[in-house]
Amino acid sequence: MSRTKIKDLLNATEFGKRVTVKGWVRTFRNNQFIAINDGSTLNNIQAVVDFTTTDEALLKRLTTGAAVSVTGELIESLGKGQRVEIKVNELEILGDSDAEKYPLQPKKHSLEFLREIAHLRFRTNTFNAVFKIRHALAFAIHKFFNDKGFVYMHTPIITGSDAEGAGEMFRVTTIDFDNVPRNDDGSVNYKEDFFGKSTNLTVSGQLEGELAAMAFGEVYTFGPTFRAENSNTTRHLAEFWMIEPEMAFYDIHDNMDLAEELLKYVIAYALENCSDELEFLKNRLLEEEKQKAQNERSELDLISKLNFCLENNFERITYTEAINILKSSKPNQKKQFKYLIDDWGADLQSEHERFLVEKHFKKPVILTNYPAAIKSFYMRRNEGDAEGKETVRAMDILFPGIGEIVGGSQREERLDVLQNRMEDLHIPVEEMDWYLDTRRFGSAPHSGFGLGFERLVLFVTGMTNIRDVIPFPRTPKNAEF
Ligand code: ATP
Ligand code: MN
């Protein structure tokens, strides 16, 4: 017996057919109306049982969360709110759900509560919508790159290099903590460890991506990355997914163009393919905003915000221009920023990024040409910096409500400049010899960036906490499920 998915039945125009639906009970009303959801769509199908001919004990088992199989006739619905319904002939309970104990009752639950029962939250409309969109975005990313001829490269999760410099790393080891092998000087002897050296979980696939780009031309990674940064924010996870394209013969401008095109492509893909889900989340947000004061509400609803993003060019400005704007900005003058902007060279905090994007430009912004001192060693040094200021061809994309969504740069392709920079920063050049080989043999200008997948999902879904856009979030002191 095959089942039909609810999504297909709700669109059906042929009535009188015998169909089977399998799913979970959302509600059971008036001893006759079962709202069933099978995950194929946000919408439920209504199945109507004849309680006069159905065993009463069976009806009692139609509780929220129970798994059921119903077979019956698909008919046009007379009731309000649905076009079709099923007139049930056969009803089978596949799995009971004790109404007294099932935590998800048909009422509004807070996101905080749902986070504690993340193993069950998939069953709510909100998370059905969020994870459908997450899926669609992942698919769109692969499609975008595949259509352009980029090669999907699987860079290692366990890495032997600790010089990626993007954040604190998680150590990977099989050393017995109760019996640690030691060198004569008391330090840990990693030669005894699984890999014969100290290893970590990757914070970025970029360096390996560069190696592949120097052969394939255009590659990308899309995989999990790990950062042991102790930042308990709504924008940081200890385990998150990152998309990292790396392209030979691209300069910083080509790099920006690609990133903007990618972001617009995947947002358009979601608008086109997830309209029900976006509509649901839009209304959810509007509902939530009713709790807020008028002046704190968003100017645009979720779908308008996404369309706005497609229809406008991202603002491209240099770090120096950004500093000038920030210096003379109201919150800086009135000392409302936590970190005041006094001088060129300051690292931008999220309050500054958000001011530029949300208050000043009111649209996505790409910041370029940052001070070398606050950026990574592999970024391309600019020639002829004004007033002796040393800048690199970095580019960060800042999004409203999110802050940094993309971090990238043109890479330093000149061996001597790169080596000097690494020595200045005490990066072990010998250990990174494999990386430097790309600059020794057929080096070429190249660029790349990292797009944080969960930050993208946050933006598209309008959710506000990154813990709500990944199925099982890993954050400091939390690795449940
Ligand atoms: P931030 O300043 O926000 O911590 P970053 O400068 O450390 O970001 P990069 O090292 O450039 O970020 O990483 C590339 C992208 O990965 C970022 O633009 C962001 O979208 C995402 N990202 C970085 N750290 C995290 C994290 N802890 N959780 C989720 N996404 C992250
Ligand atoms: Mn960071």
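- Note: L111 CG to H109 NE2 = 11.5 Å, rounded to the nearest 0.5 Å.
- Atom CZ of F249 is surrounded by 12 or fewer heavy atoms from other residues, nucleotides or ligands within 6.0 Å.
- The aromatic ring centres of F122 and F127 sit 6.0 Å or more apart.
- With respect to E351 and R354, no salt bridge is recorded, no charged nitrogen being found less than 4.0 Å from a carboxylate O.
- The shortest non-hydrogen separation linking V469 to L458 is CG1-CD2, 4.0 Å.
- When all heavy atoms are compared, the tightest approach of T461 to V457 is OG1-O, 2.7 Å.
- Using a distance-only test at 3.5 Å, with no hydrogens or angles considered, no donor-acceptor pair links the side chain of E168 to the main chain of N230.
- Considering all non-hydrogen atoms of both residues, T233 and I466 come closest at O-CG2, 4.5 Å.
- When side chains are defined from C-beta on, R316 does not count as touching M395, because their heavy atoms never get closer than 4.5 Å.
- Here the side chains of L281 and R284 are in contact, with some heavy-atom distance below 4.5 Å.
- Side-chain atoms of D468 never come within 3.5 Å of backbone atoms of T464 as a donor-acceptor pair (strictly under, hydrogens ignored).
- No side-chain donor from either of R115 and N478 sits under 3.5 Å from a side-chain acceptor of the other.
- Of the candidates M247, E261, E218, K143, E261 is the only one forming a side chain to side chain contact (heavy atoms under 4.5 Å, CB included) with K148.
- Under the 30°/60° scheme for interplanar angles, the aromatic rings of F481 and F472 are found to be tilted.
- Taking a cutoff of 4.0 Å between a charged side-chain nitrogen and a carboxylate oxygen, R455 and E404 do not qualify as a salt bridge.
- For the residue pair S77/E85, the side-chain donor-acceptor check at 3.5 Å is satisfied.
- Aromatic ring orientation, H360 versus F355: tilted (interplanar angle from 30° to 60°).
- To the nearest 0.5 Å, the span separating CG on L286 from CG on L302 amounts to 8.5 Å.
- Looking at E299 and K305, no side-chain N of the basic residue comes within less than 4.0 Å of a carboxylate O on the acidic one, giving no salt bridge.
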| message | Is there a side-chain contact (heavy atoms from CB on, under 4.5 Å) between T63 and D98? Walk through the geometry before answering. | response | CA-CA 7 Å; T63 52; D98 186 339; over 6 Å; no
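- Annotation for G205 and T221: closest pair O-CG2, 4.5 Å, computed over non-hydrogen atoms.
- Judged purely by atom type and a 3.5 angstrom limit, N37 uses its side chain to pair as donor or acceptor with the backbone of G39.
- When atom types are taken as modelled, the side chain of R380 and the backbone of I252 share no donor-acceptor pair closer than 3.5 angstrom.
- Separation of atoms CZ (R297) and CD (Q291) is listed at 9.0 Å; rounding is to 0.5 Å.
- Close placement of the H352 and F337 rings is indicated, their centers lying within 6.0 Å of each other.
- Between L201 and T159, every side-chain heavy-atom pair lies at or beyond the 4.5 Å cut-off.
- Under the 4.0 Å criterion applied to side-chain N and carboxylate O atoms, D50 and K87 are not assigned as salt-bridge partners.
- At a threshold of 4.0 Å, the pair D396-K375 counts as salt-bridged, since one of the basic side-chain nitrogens sits closer than that to a carboxylate oxygen.
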| request: Apply the test side-chain contact (heavy atoms from CB on, under 4.5 Å) to residues I374 and L348: give CA-CA distance (whole Å), side-chain angles for both, the deciding distance (0.1 Å), then the verdict. | output: CA-CA 10 Å; I374 58 171; L348 299 185; over 6 Å; no
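- In this structure, CG in L207 is found 8.5 Å from CD in E246, a value given to the nearest 0.5 Å.
- No option in R3, K22, R123 other than R3 meets the salt bridge (charged side-chain N to carboxylate O under 4.0 Å, His left out) test with D38.
- A salt bridge links K264 to E260: one of the charged nitrogens lies within less than 4.0 Å of a carboxylate oxygen.
- For the pair T368 (side chain) and A394 (backbone), a donor-acceptor distance under 3.5 Å is absent.
- The side-chain heavy atoms of F226 and I157, taken from C-beta on, include a pair separated by under 4.5 Å.
- A distance-only check finds no donor-acceptor pair linking the side chain of E116 to the backbone of F113 [under 3.5 Å].
- Ring geometry, F150 versus F145: the interplanar angle falls from 30° to 60°, so the pair is classed tilted.
- Looking only at atom types and distance, the side chain of K132 has a donor-acceptor partner in the side chain of N128 under 3.5 Å away.
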| query | Does the pair N200 and F170 meet the rule for a side-chain contact (heavy atoms from CB on, under 4.5 Å), with working shown? | reply | CA-CA 5 Å; N200 299 291; F170 288 102; over 6 Å; no
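- Between the side chains of R411 and Y250, not a single donor N or O lies within less than 3.5 Å of an accepting N or O.
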| task | Decide side-chain contact (heavy atoms from CB on, under 4.5 Å) for T64 and Y102; before the verdict, give the C-alpha distance in whole Å, the side-chain angles of both, and the deciding distance to 0.1 Å. | result | CA-CA 8 Å; T64 299; Y102 188 54; 3.9 Å; yes
| message | Pair R227, E239 - check salt bridge (charged side-chain N to carboxylate O under 4.0 Å, His left out), show working. | response | CA-CA 7 Å; R227 297 193 186 174; E239 174 180 292; over 6 Å; no
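- You'll find the side chain of F314 stays beyond 4.5 Å of the side chain of V365, heavy atoms only.
- Closest non-hydrogen pair, T27 versus P106, comes out as CG2-CB, 3.7 Å.
- A donor-acceptor pair under 3.5 Å links the side-chain atoms of E358 to the main chain of G401, judged by distance alone.
- N255 places no side-chain N or O within donor-acceptor distance of the main-chain N or O of D251, the cut-off being under 3.5 Å.
- Side-chain contact check for L278 versus I133: some heavy-atom pair is nearer than 4.5 Å.
- Between E208 and M153, every side-chain heavy-atom pair lies at or beyond the 4.5 Å cut-off.
- Ring orientation note: the planes of Y152 and Y220 are close to parallel, at an angle under 30° on the 30°/60° scale.
- For CZ of F195, the number of neighbouring non-hydrogen atoms (other residues, nucleotides, ligands) closer than 6.0 Å is greater than 12.
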| message | Please evaluate residues R18 and E90 with respect to the criterion salt bridge (charged side-chain N to carboxylate O under 4.0 Å, His left out), reporting the C-alpha separation (whole Å), side-chain torsions for both, the decisive distance (0.1 Å), and the verdict. | response | CA-CA 11 Å; R18 193 180 149 85; E90 288 163 35; 2.8 Å; yes
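- Shown here is K363, whose NZ atom has more than 12 heavy atoms of other residues, nucleotides or ligands within 6.0 Å.
- Y378 and E210 share no side-chain donor-acceptor pair at under 3.5 Å.
- Side-chain contact annotation: S304 with N307, donor-acceptor N/O pair under 3.5 Å absent.
- With sequence neighbours left out, E279 forms a salt bridge (Lys or Arg N to Asp or Glu O under 4.0 Å) with K282.
- Here the side chain of R121 pairs a donor or acceptor atom with the backbone of P471 at under 3.5 angstrom.
- Smallest separation of non-hydrogen atoms from A213 and A248: O-CB, 3.7 Å.
- No donor-acceptor pair closer than 3.5 Å links the side chain of T71 to the backbone N or O of T20.
- F51 places none of its side-chain heavy atoms less than 4.5 Å from the side chain of L58.
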